[in-house]
Amino acid sequence: MPDDGSDGLSSDAMKDNLMRALNDEMSKRMSQLSGQLGDAERKLKLEQEMQRELAPYRVSSPKYGIVGNSRYAVKLRKQIVAASHDEERKPVLIFGEPGLHKFNIATLIHFGSKYGRYPLVTLDCTRLDARATVLFGRRGKKGLLQKVPEQGTIILTNVHKALPEVLDLLSVHLGAISYDKSIDDLEYDVENLSDQEERRFQSSPRIVMTAEMRVPILDSCVTAIQVPPLRVRAKDIRAIVEFHLRVSARDKGLGLISLTPQAMRRLESGKFPNNISELEASIDRAVAQSRQGKSNDGDATDVMELGEEVFWFASGSQVDQFRADVLKPLPLFRKFLRSMFWPREINFKFTVYVYAAIVLYLFFGPQDRDHNFALNAFWCYWWPLSFIAYPFFGRVWCSICPFMIYGELVQKLRLDNGATLMKWPKEFLDQWGYLFLTSLFTGILIWEEVWDLPQHAYLSSSLLLLITAGAMIGSFFYERRVWCRYLCPIGGMNGLFAKMAATELRAVQGVCSAECSTYGCYKGGPAVPPEGMASTGCPLYSHPAQLTDNRNCVLCMECLKACPHSSVEFRIRIPGADLWNSSHKPIPEELALAFILLGSVALHRLPVVLSDYGLSQYQGMIFSNNAYHIAASIFMLGFPGVTAFALDSLWRFASDITHTNQSPRLSFSSIDNSETAQAMQVLSRATASYQALEKDSLIVAPSKSFMSLGYGYLPLVWSSILAYYLELLLVEAGTIVQVAGSSVGIPEHYLPSISADASVVTFLQASTLLLGISSSLVLSRRIASQPWRVFIPQCICIVGFGAELWHLILH
């Protein structure tokens with residue numbers, strides 16, 4: 001029988017052996033776990049080190065995809081998807097013009113692949129040295145190619161600007177890429193971790209490059225994606241605009257933002273050399289300009305509609321040749337224009353009182369020009385001096401206009417009482433405003449002729465009050481100067497003649513695009529350092545960088561005062577430069593006004609006209625009956641325009657008939673395939689013969705429309721009106737001191753008078769007419785940009801009208 005003690009010892013030994021085995025196993029497991037934890041810690045440190053080193057180069061996810069449904073956009077999307085799903089992860093070169101968001105396309109390729117969770121970094125090739133150390137590394141220093149895991153992607157920008165040595169290195173690398181074992185193998189090979197760490201740094205991530213042109217040295221080793229320019233994707237502009245407006249509204253906390261049809265057409269017809277970036281910048285500027293008087297937080301309930309007038313492009317077509325800024329060499333003049341004296345203190349400390357006194361004196365003082373100095377000043381000074389000012393300062397009269405001073409007083413009274421002024425119904429006014437002011441001016445000219453306003457003081461005062469009432473009514477309902485821009489007959493005439501001025505107020509578009517974010521010149525705002533003054537904004541809602549002519553600039557200098565970047569310039573230029581600019585937009589009603597003004601000069605000499613054409617016997621009937629007089633006035637006002645248009649139309653009709661009869665007619669119905677080459681030779685000779693015949697033809701219609709060519713008459717219109725009023729300025733105006741003295745009982749012989757000799761007046765009138773005739777011929781030639789024989793009818797009309805006016809004025 002076994003001894004019980006021995007069994008106890010055996011059992012204890014077994015327990016001890018078991019415990020030792022368990023301890024050994026636990027020690028072994030703990031050792032393994034400790035090694036694994038150490039490995040994990042080293043991996044974590046390695047990952048953290050990689051993340052820290054890559055942080056300056058990391059790229060976030062793409063902002064958006066490819067917007068648009070044109071065939072170009074569809075093809076580009078397909079290329080991006082194919083590159084993203086490329087199992088070989090072949091290098092990609094994305095090239096195209098500036099501003100096409102090529103970098104965003106590169107990010108789409110990475111994040112659209114199954115490796116999108118791995119690092120994406122970027123590097124500008126213009127910052128690489130000849131050895132591309134940052135990319136390839138050097139002397140133990142690791143480059144991005146070693147730091148980024150092979151599942152990651154490196155975006156190289158501006159590859160076309162890289163040094164030749166860098167391109168050589170890239171071509172060698174891209175042509176001989178070899179991928180080592182996956183980094184995931186590190187999890188299963190702990191013992192060789194240090195070796196694997198080195199291999200990890202030697203892995204080659206995917207390379208995606210962007211450039212503005214194809215890089216020939218890389219063609220054989222990359223997948224090339226050419227991004228089409230925006231000008232061939234005109235169909236996508238609407239979609240891009242609408243998408244960017246939604247993004248802009250969301251980012252700025254605004255409500256719905258939309259465009260008028262005219263604004264969308266302007267964008268769709270834009271050239272945009274900087275492509276999508278320029279289009280988006282134009283939209284952002286338009287939104288910023290339109291958010292006048294609103295906080296930066298915006299209001300999500302607002303509905304904002306952007307009109308055509310807030311879109312302008314730094315790459316505009318206006319050429320600043322033969323222009324010089326006069327403010328830089330004349331700092332005192334610039335200081336004067338930026339002072340409160342111009343024009344605010346002149347208007348509200350002088351003009352507002354003098355104008356009221358003149359209107360009252362015209363009503364209650366003597367009623368003829370020989371005894372009323374205010375009536376003398378009205379017709380003998382203001383009117384001719386305005387025409388003298390046009391070629392030099394354009395529409396400057398409107399900046400000190402007394403009519404709108406009272407309109408601004410009405411606006412101030414309304415705003416002080418808490419009223420909100422309405423925005424302009426721009427589309428309606430663009431369509432009907434010029435027709436209204438042309439019709440109103442025509443009525444004023446008839447009123448002046450039939451009721452003899454120059455010799456009736458109260459009627460002249462009524463005319464001033466009529467225009468002032470229009471300004472006050474417009475200002476009562478609408479903000480800024482809606483009357484001045486669209487409805488004022490004097491303003492319409494001033495804007496017409498301002499186009500031929502030798503000066504202009506413009507801003508440097510590049511400065512406005514790159515540096516300005518306040519747009520105080522347009523929408524107003526507080527003072528902005530370093531020199532921007534607080535401003536109410538342009539009274540005519542014009543941006544100085546957007547102006548294509550002088551019609552909507554009154555030289556109030558609000559933009560010059562508000563600009564903090566010294567972008568606004570007051571330039572001298574070639575007179576009439578607006579009129580042959582490719583961006584000049586003819587306005588039919590404006591051109592009609594020019595011809596009506598030309599007819600008004602002949603209307604002032606109606607008795608001479610009747611006598612010249614053997615109609616003196618009807619003179620008594622016409623001048624004694626207002627109805628006949630009005631009918632004769634309408635005929636005289638409309639005659640120049642109707643004649644010029646009819647002659648131009650006949651010339652174009654004759655040109656069409658001539659070319660139709662001369663055009664070669666070839667029939668190919670009898671030509672078989674064996675005679676194709678001979679038929680083409682016949683066609684070539686016939687075409688050449690036709691072109692030679694057209695060149696030698698006397699009747700060739702101008703390529704420009706009558707609406708465009710008609711502005712060539714403008715110097716003749718201006719010179720004829722000025723020549724007519726020169727007699728009043730040089731003779732009768734000199735008696736104003738005697739007229740003023742007689743109104744207070746001082747005899748005329750005690751007071752001085754000044755008058756030019758009749759021969760001097762005649763010489764100046766003749767010189768003015770000759771200047772107008774010759775300038776109209778030259779301007780017509782410049783607008784037409786074709787030989788003289790192409791616009792013979794216009795030359796005939798200019799010379800004919802000039803000869804008739806010479807006779808009427810110098811008679």
Side-chain angles (χ1 to χ4, degrees), residues 46 49-59 79-80 83-84 86-98 100 102-110 113 115 118-183 195-227:
L46 185 66
E49 181 183 357
M50 181 193 72
Q51 296 292 343
R52 184 171 56 256
E53 291 178 345
L54 295 181
Y57 306 99
R58 291 294 292 264
V59 177
Q79 290 176 311
I80 294 172
S84 299
D86 182 11
E87 293 295 335
E88 297 182 2
R89 289 169 58 80
K90 188 176 181 181
V92 179
L93 174 63
I94 305 167
F95 68 95
E97 297 177 2
L100 289 173
K102 297 181 288 294
F103 187 86
N104 186 71
I105 295 175
T107 62
L108 287 172
I109 291 176
H110 173 76
S113 70
Y115 302 103
Y118 289 92
L120 172 65
V121 300
T122 183
L123 184 63
D124 188 348
C125 288
T126 60
R127 302 176 63 183
L128 293 176
D129 58 19
R131 294 177 178 270
T133 305
V134 178
L135 181 62
F136 293 103
R138 185 186 179 191
R139 294 179 181 176
K141 181 180 180 181
K142 301 177 179 65
L144 286 179
L145 285 172
Q146 292 83 43
K147 295 177 182 179
V148 178
E150 62 179 320
Q151 294 90 345
T153 301
I154 300 176
I155 300 177
L156 300 179
T157 61
N158 294 317
V159 176
H160 63 292
K161 296 181 180 179
L163 297 172
E165 296 86 349
V166 174
L167 292 178
D168 291 338
L169 291 172
L170 271 177
S171 65
V172 172
H173 174 76
L174 298 178
I177 291 178
S178 61
Y179 291 92
D180 291 312
K181 290 174 60 178
S182 171
I183 190 64
D195 295 338
Q196 290 291 347
E197 288 176 0
E198 287 299 319
R199 294 180 62 191
R200 172 180 186 172
F201 286 115
Q202 293 172 0
S203 64
S204 183
R206 190 178 195 183
I207 304 294
V208 179
M209 297 164 284
T210 66
E212 292 182 6
M213 61 187 70
R214 187 182 293 274
V215 184
I217 195 174
L218 304 178
D219 281 349
S220 61
C221 49
V222 299
T223 298
I225 298 177
Q226 182 176 6
V227 185

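- Shortest non-hydrogen contact noted between R89 and Y115 is NH1-CD1, 3.2 Å.
- R214 and A224 make their closest contact through NH1-CB, 3.8 Å (heavy atoms, listed as atom of the first residue, atom of the second, distance).
- Every residue two or more places apart in sequence or in another chain that forms a side chain to side chain contact (heavy atoms under 4.5 Å, CB included) with D129 is listed here: R131, T133.
- In terms of heavy-atom proximity, A130 sits nearest to E165 at O-CB, 3.4 Å.
- With sequence neighbours excluded, no residue satisfies ring-ring contact (aromatic ring centres under 6.0 Å, His included) with Y57.
- Annotation: the span from Q79 atom CD to L108 atom CG amounts to 13.0 Å, rounded to 0.5 Å.
- Pairs engaging residues 144-166 under the ring-ring contact (aromatic ring centres under 6.0 Å, His included) rule: none recorded [sequence neighbours left out].
- Residues passing the side-chain hydrogen bond (donor to acceptor under 3.5 Å, both in side chains) test with T223: none are found, sequence neighbours excluded.
- Atoms OG1 and NZ, from T126 and K161 in turn, are 7.0 Å apart once rounded to the nearest 0.5 Å.
- The NZ atom of K90 sits 10.5 Å away from the CZ atom of R206 when rounded to the nearest 0.5 Å.
- Considering CD1 of I207 and CG of L170, their distance stands at 7.5 Å, rounded to 0.5 Å.
- The shortest heavy-atom contact between P205 and P149 is CB-O, 3.3 Å.
- Interatomic distance, NE2 of H173 versus CG of L145, reported as 4.5 Å (0.5 Å rounding).
- Evaluated for a side chain to side chain contact (heavy atoms under 4.5 Å, CB included) with I109, the options I225, L120, T153 yield exactly one hit, I225.
- Between V121 and V59, the shortest heavy-atom distance links the atoms C-CG2, 3.9 Å.
- Here the side chains of Q226 and F95 are in contact, with some heavy-atom distance below 4.5 Å.
- To the nearest 0.5 Å, the span separating CG on L123 from CG on N158 amounts to 10.5 Å.
- In this structure, T210 has no side-chain hydrogen bond (donor to acceptor under 3.5 Å, both in side chains) partners at least two apart in sequence or on a different chain.
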| message | As a quick check of understanding, evaluate side chain to side chain contact (heavy atoms under 4.5 Å, CB included) for D168 and I217, giving each step before the final call. | response | CA-CA 8 Å; D168 291 338; I217 195 174; 3.2 Å; yes
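- Shortest non-hydrogen contact noted between S113 and S84 is CB-O, 3.2 Å.
- For the side-chain hydrogen bond (donor to acceptor under 3.5 Å, both in side chains) test, residues two or more places apart in sequence or in another chain that qualify with E97 are R231, N275.
- Each of V92, V159, V215 was scored for a side chain to side chain contact (heavy atoms under 4.5 Å, CB included) with M209, with one residue passing: V159.
- For the side chain to side chain contact (heavy atoms under 4.5 Å, CB included) criterion with L135, the lone passing option out of L169, I154, V166 is I154.
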